[in-house]
A.B. asks: 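Below is a structure I'd like to ask you about.
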Amino acid sequence: MTYLMKYPIAMRKVQEELRQKVKDKGFVKEEDIQQLPYFKAVIKEAMRLQPAVPLLVPRESIQKCSLGGYEIPAKTIIHWGENPDEFKPERFVGKSVDVKGSNFELIPFGAGRRICPGIHIGLATVEIALANLLYAFDWEMPAEMKSEDLDMDVLPGLTMHKKNALCLVAINRV
Ligand code: HEM
């Protein structure tokens with residue numbers, strides 16, 4: 001949600017897609033989510049930039065090395081992709097990359113025999129909650145808040161938490 005507030009074009013696109021597909025049904029259901037390629041891409045892009053479990057991705061280089069002609073210092077966190085720090089869901093649209101452990105560039109649930117066993121319930125919960133918030137409400141920052149006040153700071157821990165809560169004004173649309 002924080003990224004969508006920071007990138008209003010992505011917010012507009014994802015809400016348009018949701019409202020066009022779900023129409024006036026009043027609630028986004030799990031089966032609707034499969035018909036929402038841009039929304040799916042938003043989830044992947046958020047998981048690429050801010051994985052919920054910090055130890056796996058992003059990775060940190062353990063020693064100085066050279067990669068594709070670039071010198072990478074030790075202890076550098078690496079985000080991949082074109083304009084890697086930018087929130088750009090389009091990078092996943094029309095691509096077969098998913099989060100289920102077979103595409104190693106995106107493994108927010110891990111991969112292999114220790115892959116998260118809660119992957120399906122975890123993903124469905126995040127998707128249903130976010131989809132309904134975006135479908136049913138428009139979101140604005142409180143009057144005194146500016147775009148540059150939005151921050152991505154996280155608190156370290158077993159899972160990542162936002163350091164500063166995101167407080168927004170919800171405007172009902174259904
Ligand atoms: C969006 C939500 C979630 C994310 C991003 C997530 C992510 C992860 C990651 C990255 C791992 C480490 C995998 C590895 O070591 O390769 C993991 C492990 C695990 N997760 Fe999740 N998880 C989520 C939700 C859940 C839920 C809802 C449950 C339980 C209902 C769950 C249960 C577990 C368990 C038991 C492990 C340890 C598996 C093992 O070490 O064999 N997770 N999760």
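One is the number of the first residue; the rest follow in order along the sequence. Read the numbers this way: they start at 1 and go in the same order the structure lists the ligands and their atoms.
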A.B. asks: For atom 29 (C) of ligand 1, which of the options G118, A52, A124 provides the nearest non-hydrogen atom?
C.D. replies: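 Result: the heavy atom closest to atom 29 (C) of ligand 1 is in G118.
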
A.B. asks: Report the member of I107, I121, L123 with the shortest heavy-atom distance to atom 27 (C) of ligand 1.
C.D. replies: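 When every heavy atom of I107, I121, L123 is considered, I121 comes closest to atom 27 (C) of ligand 1.
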
A.B. asks: Ignoring hydrogens and angles, tell me if any N or O in the side chain of R48 forms a donor-acceptor pair with the backbone of P108 under 3.5 Å.
C.D. replies: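 Side chain of R48 to backbone of P108: no pair is present.
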
A.B. asks: Test your reading of the structure: does R113 have an N or O sitting under 3.5 Å from an N or O of ligand 1?
C.D. replies: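 No; every N/O pair is 3.5 Å or more apart.
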
A.B. asks: Around K162, counting heavy atoms of other residues, nucleotides and ligands shown, do more than 12 lie under 6.0 Å from its NZ?
C.D. replies: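 Enclosed: over 12 neighbouring heavy atoms sit under 6.0 Å from NZ of K162.
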
A.B. asks: Does the N103 side chain pair with the main chain of D98, one donor and one acceptor, at a distance under 3.5 Å?
C.D. replies: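 Answer holds: yes.
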
A.B. asks: Search all heavy atoms of F27 against all heavy atoms of D32 and return the closest pair with its distance.
C.D. replies: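 For F27 and D32, the tightest heavy-atom pair comes out as O-OD2, 3.9 Å.
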
A.B. asks: Kindly identify the option in P117, G101, C116, A111 whose heavy atom sits closest to atom 37 (C) of ligand 1.
C.D. replies: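 Ranked by closest heavy atom to atom 37 (C) of ligand 1, first place is P117.
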
A.B. asks: Closest by any non-hydrogen atom to atom 10 (C) of ligand 1: pick that one out of G112, G122, P108.
C.D. replies: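 Checking each option, the heavy atom nearest atom 10 (C) of ligand 1 is found in P108.
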
A.B. asks: Are E16 and K13 within salt-bridge range, i.e. N to O under 4.0 Å?
C.D. replies: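 Judged by the 4.0 Å cut-off on N to carboxylate O distance, E16 and K13 do not form a salt bridge.
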
